[in-house]
Structures are given as structure tokens and as C-alpha cells.
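Each chain gets a letter, A, B and so on, in the order the sequences are listed, and its residues count up from 1. Bear in mind that the values here come from a model prediction, so they are computed numbers and not experimental data.
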Amino acid sequence: MTSASTRAAAGRTPAVGALLRRNAWSLGLMVFLFALLAFTKAINHNYDATGIQNLAISILPLAFATVAQAIVVISGGIDLSLAAIMALTSTVAAVLMKGQSEPFAILVVAGVLLLGLLIGAVNGGLVVVTRVPDIVVTLAMSYVWAGFALLILVRPGGGSATWLKEILSGSILSEWIPKAAVVLVVIVAGTWIPLMRSRLGLSLYAIGSNRLAAFRSGISVGRTRLIAYMLAGFFCALGGISLTATTGIATPVPGPYTLNSVAAIVLGGVSLAGGRGGIVGPIIGVLILQLVRTDMTFLNFNTDLATVLQGVILIGVVMIGSLLEIRRARA
Amino acid sequence: MSGSAKNPDLHAALRSTGFRGLLRDRPIVPLMGLLVALTAVIYLARPEMVTSNWAINIVRQAIPLSLLAACQTITFLTGGIDLSVGAVASMTGFLVATLVSRTGLPAALAIALVAGCLAGLITGIGVGVFRVHPLIMTLGMSLIVLGLANVWQRIMVQTGAGVPAQLRWLGTETLAGFIPASMLVWLPIMLLLLFMLSRTGYGRLLYAIGDNPVASRLSGARSWQVIVVLYVLSALIAGVAGFLYAGLTNVANVNLVDPYVLPSVAAAVIGGTSIMGGRGGIGGTILGALILTVLGSLLSSLGFPEATRQILFGAIVVLMAAAYTRFTGES
């Protein structure tokens, strides 16, 4: 009786503690983000709602790429072809939308999202069927997708529907709530929350955490990996569309999104070994990476030193993370 | 990504006579066949192209690529990867070209190699001591090296840069009519690596750590020391490759070697080194680099545009890796 009640009492306090501990990394990042925002305001007094709106628009492509990378890495893989898929989907969208009517663009967007799923299915299918390591398959496929982008468009061009541009620019309700941020939150939450409540979401974590154990508990490992890559392709297509929408054109050359997405998920607390992490941390990671870059322009920082600093931040964050992990393992 | 049982005794026991066994135990033989087949295809398509000059040119281009691929091979063996070879190699070539006019060639070469070693040392400490994932550590390190090289470029902008004549000789000249001069540098390095991997305790430790990190730790291997030395060695080889690339192209540029990073990974994979660690060797890697160079020559000789070449290159790399995995039953 007494032991049961103490256990219950003990169980309640750790519940809060466990919740805090489980989200400690995201909370820490959030604090860091606000400190960074305060710092930005301090060095540039003109930084206001417009700055926030620009921030929301500029992070959009990387944020989608990061969600894509997070899903694949959580399932125990890695996708080095993200930037190439984004270049391809962005080019397809821009070429198809140029000079067409506004309603037609809805069809284009739907078609490009399907294309993203298809590309992801090719990547995932190859990884599953050939059993070649993810890193090798996606690295080689990045050539293929970038090549297709170059076939479609030799130099930057194409166009974007007006409604697509308007859906992302400006603010809604209050000038402090950028439309781009709302779009991002609605799309990501709209896929992530149902996913996490489904068997599929659990399977993604399971195969990333221990593939053999997942297989023996009856999860179809191959199918789950395939779906992870398809979801990644879908989010890459969203990233590609947002590239076209925010710039008005498409560039057939892949941007730096693959590397930066890996940086953002690691910063956001996703373990590269798979099976651990979420989606909120990586998106905060994207915000931090972008804000650091903005601050460096405000401070008239040499862009080359900014590159160095980016590398130092990337390595530093991962080092701290792995040191914490080593200490936790010893304790 | 579970490591399968890969211990040498088991391999010896499994050593079979069929094609499978041949591919697993002597990957060199089928790779030779592939190389000959590719050359035959070129000969059939463009008979006038296959001359001794063509062959010398292929070897000349494959030499620096195989050095970069050797960096991948030795890091793959421990389950790592070195994506900083591009930045390090570009940096060493650039440093020599900017320094040679004021310090003389030997000092310039020494300074460049020391700078490369320093980058390798930091990478090694990050991977070995702080257990940062090698992918992240080397990507971050390439950002740092690239940024610093750009800063250096800005400082040296008045001096101007020129690739010293000796390096140009090394990169482009031919000895006795058919031996590329770069062989003088390449051969000792490769012989040393072959000796290291097959005859020394250090080489065996590399295989052991990649095969089973826990077992190697329990048998007394100080894996962090092995790994620090490994990444310094990798940076050194990349540095030498940088000299050869600068000599071959007569260009001093901080991004010169970047396009060869992915081919270097592909060459090591095609050569039969497992990216998961514990299996592979230098011989296959050299053939892998030759095969990729011949493949590139084939694709450009067929007159395909850049985009199609990229697509075919990526697809063929996936196919080769898939065939390899299928026949050996390992990944």
C-alpha cells in the first residue's frame, strides 16, 4: 500500500521532469533563439515585423528540406539528394507555371507534389531493393536528379503564379505573424501530428532505433523505409515549390540545402544514428542558422569568416551534444 | 545499418570458388574485366580515340582522383568518411601557388602540408575523442577550411597566384614517353598505403575498428589514437592530391577540387570498400578511380550534353554498387 502510493507520487513528479528532460534540447534551443532575436534587435534597432517576415520567407526552402532530412534520418537513413530533388521540382514547377493561368497553377502544384513522392519512391526503392548503403545511393541519385533539372532548364528561368507568391508574402491577422510561417506550420503540423499518432510514425522511429528488433516485432522494414523516402521527396517538392514561389523563377543548380539540412537536424537534436529526435527542434535549428547569418550581415562580418563560423557552430553543437551523450551513458 | 559478421576466419571459411567468392575475395579481377569492357565500348564507338595518348591521359587524370579515393578508402575502413578532402586539397594547391613567389617551393609545399595536417588533426580529434559523426565533422571542417582559404585569398589578392612550374611539370609531363610524371609521387604513396594496410599493426587496427569497435576496444586498441592518426594521414594524402590537381589544371582556386569529392566516394565504393567499415582495400580503389575516369571519357566521347552525362554517371554508379552488393551478398 505504502509502496504503491510512493511509487505513484514518485511517478507523477518524474512525469513532468521526464517531459522537460525529453524536450530539454528543444527548450534550450528555444531559449537560444530568443536570445539571438534579442541580440539581433540590439545590434539593429530597425529589426521589426518586416525582419520577421523576411526571416520566415527566407527559411522556407531550408525548413522543408530539413523536415525531409529529419524523417529519413529518424528512420535510420540519410538523403544526400535533397538539394537536387528541390532543384528538379522547382524547375518543373516554374517551367509549367510560366505564362499559364492562375487556376492551372493549382494543378501544377499538385502534380509537382506527386512528382516529389515519385522521386522519393525511386530513391527509397533503390535503397531497399539494392541494399546499397543509403549514403551511396542518394549521393549517386543526386547526380541523376540534378541532371534532369539541367535537361529541363539550362539557365535560371520559368515563372510562378501570382497566388502562389501572395500566399507566402506579407502577414496575416497581425504584422508579427508572417503568412510564410503560417503555411509552414500548417503543412508540417498537418502531416507530422497525424503521422506521429499513426502506426507508421511509430514504425519510422522503430526501424531507425533498431532495425532487427523492429523487423521481429512485425514491422515491414522495407516498406517503412520506402515511405520515409517518399515523405522526404514530398517535402523536397514543397521546398522546390517554395523556391519557385519566393524567387519567381527556378535555378536548375542545386543550392546548399543538403548540407544545411544535415546541420539543422543535428542542431535540432536528431541523432544521425537514427531513432531519436523530433521535428520542432530541427525547425528551430533552421531559424537559428538563418538568424546567425542575418546577424553577421548586420555586423558587416566578412562573408568568408561567416562560412568559418558556420562550420565552427556546426561542429561545436554536435560536440556538445555528443559530450552530453557520453556523460549520460557513463552516469 | 547493423554490422554483419565479417571476421577474417569466417571469410576464409566462406571462401568459395564461384563468381560470388571471386568478387568478394578478389574484387580486382572482375573490376579489371569491367575496365576492359568499358574501354572496348569506347573502342567500338570511336576507334580513332583509343590511342596511347588517350590512355596516358586517362591515367594522368585517374592518379589524383585515386589519391582522394584512397582517403575515402582508409576512412571507410573504420566506418568513417572524409568529405573534407575537396576543401583540403584545394587549399593546399592554392597555398602553394600564392606562397611560392615569396618562400620558394620547398617551404611553400611544407607550409601547405602542415596546414592540411592541422585540419586533419582537428577532424581526427573531433571524430576520435569527441565522437562527432565523421560526416558532420568533415563537412564542418570543409566549411572552415574553405572560409579560411577565402580569407587568405583576400589577403593575398595583391600578390597574385601562379602554379609553380615544377608542379605543372609533375601534373602534365610524361616520362620516357608513357609514364605520367605524377606517378613519381603517386607510386610511393600507394605502395606505402598497401604495405600499411596489409602488413602493419596499424592497418589491421583500421580493419578491426571498422569491423567491430567494441571488440577492438576490449582487445586493447586505443581507437581514438588510431582515428586521430587516420584523419591526419587522410588530410596529408588529400594535400598531395591538391598539388597534383593544381599542376594538372594550372589553376589556383579555392574550389578547384570540390567536384572530385563525390567521384572519390564513388571510386572507393565501386572498388569494393564497404562504407560500413571493416572490408576493402586500396587495389580496388585504384581500379575504381580508373573505371570512373574511363566512364567520364566514354560519356563525353559519345557527345552527350552535360545534363545527360550527369544522369548516366549517377545511374551507372548506383548500378555498379547494386551489382556488387548483389553478387557478394554484403553491403
Side-chain angles (χ1 to χ4, degrees), chain A residues 76-78 80-81 84 126 129-154 210-212 252 258-259 262-263 266 271-274 302-323 325-326, chain B residues 1-2 81 83 87 122-123 125-126 129-133 135-137 139-154 254 261-263 265-266 268-270 274-276 305-326 329-331:
Chain A
I78 191 162
L80 298 183
S81 65
L126 282 172
V129 172
T130 64
R131 295 194 299 151
V132 174
D134 308 56
I135 249 189
V136 178
V137 172
T138 55
L139 201 59
M141 289 314 283
S142 72
Y143 281 88
V144 175
W145 305 130
F148 276 119
L150 265 180
L151 269 190
I152 294 169
L153 212 57
V154 177
N210 188 333
R211 198 158 283 169
L212 190 59
T258 305
L259 168 54
V262 175
V266 170
S271 160
L272 276 177
N302 181 325
T303 48
D304 306 324
L305 283 179
T307 316
V308 176
L309 199 61
Q310 228 179 318
V312 171
I313 291 174
L314 174 59
I315 293 173
V317 166
V318 183
M319 267 189 193
I320 294 170
S322 75
L323 275 185
E325 212 155 284
I326 293 172
Chain B
M1 297 190 185
S2 60
I81 188 170
L83 295 182
I122 299 172
T123 309
I125 290 173
V129 180
F130 291 92
R131 314 260 177 86
V132 178
H133 195 291
L135 190 74
I136 294 291
M137 192 64 210
L139 279 178
M141 187 44 78
S142 40
L143 281 182
I144 294 176
V145 170
L146 176 69
L148 289 177
N150 267 318
V151 172
W152 176 251
Q153 183 173 34
R154 212 165 276 203
V254 291
V261 176
L262 302 190
V265 173
V269 170
I270 290 170
S274 166
I275 207 163
M276 302 298 172
E306 169 66 19
T308 322
R309 257 186 289 160
Q310 271 192 29
I311 296 172
L312 287 173
F313 186 82
I316 290 171
V317 169
V318 171
L319 268 178
M320 285 201 253
Y324 198 90
T325 317
R326 168 128 311 207
E330 293 180 49
S331 53

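With a 4.5 Å cut-off on side-chain heavy atoms, B/Ile144 and A/Ile315 count as touching. By the 4.5 Å heavy-atom criterion applied to side chains, A/Val144 and B/Val318 are not counted as neighbours. Residues A/Ile135 and B/Leu135 have side chains in contact (heavy-atom distance under 4.5 Å, counting atoms from C-beta outward).
A distance of 9.0 Å separates CZ in A/Phe148 from OG1 in B/Thr308, rounded to the nearest 0.5 Å. Atom CG in A/Leu323 sits 9.5 Å away from atom CZ in B/Arg131 (nearest 0.5 Å).
Minimum interatomic distance between A/Ala84 and A/Ser142 (heavy atoms only, all atoms of both residues): CB-O, 3.4 Å.
Pairs passing the side chain to side chain donor-acceptor pair (under 3.5 Å) check and including a residue from residues 309-322 of chain B, sequence neighbours excluded, read B/Glu306-B/Gln310.
Both the backbone and the side chain of B/Ala321 come within less than 4.5 Å of a heavy atom in chain A. Proximity to chain B is limited to the side chain of A/Val266, based on heavy atoms less than 4.5 angstrom apart. A/Leu151 touches chain B through backbone and side chain together, each having a heavy atom under 4.5 Å away.
Interface check for chain A: of the options B/Gly140, B/Gly126, B/Pro305, the most heavy-atom pairs under 4.5 Å are formed by B/Gly140. No other option in A/Thr307, A/Asp304, A/Ile313 has as many heavy-atom pairs under 4.5 Å with chain B as A/Asp304. When the candidates B/Leu262, B/Val269, B/Val129 are compared by the number of heavy-atom contacts under 4.5 Å with chain A, B/Leu262 comes out ahead. Of the listed residues (A/Leu272, A/Val154, A/Leu309), the one with the most heavy-atom contacts under 4.5 Å to chain B is A/Leu272. Residue with the most contacts toward chain B among A/Val129, A/Leu126, A/Val136: A/Val136 (heavy-atom pairs, distance under 4.5 Å). No other option in B/Leu139, B/Ile136, B/Val317 has as many heavy-atom pairs under 4.5 Å with chain A as B/Ile136.
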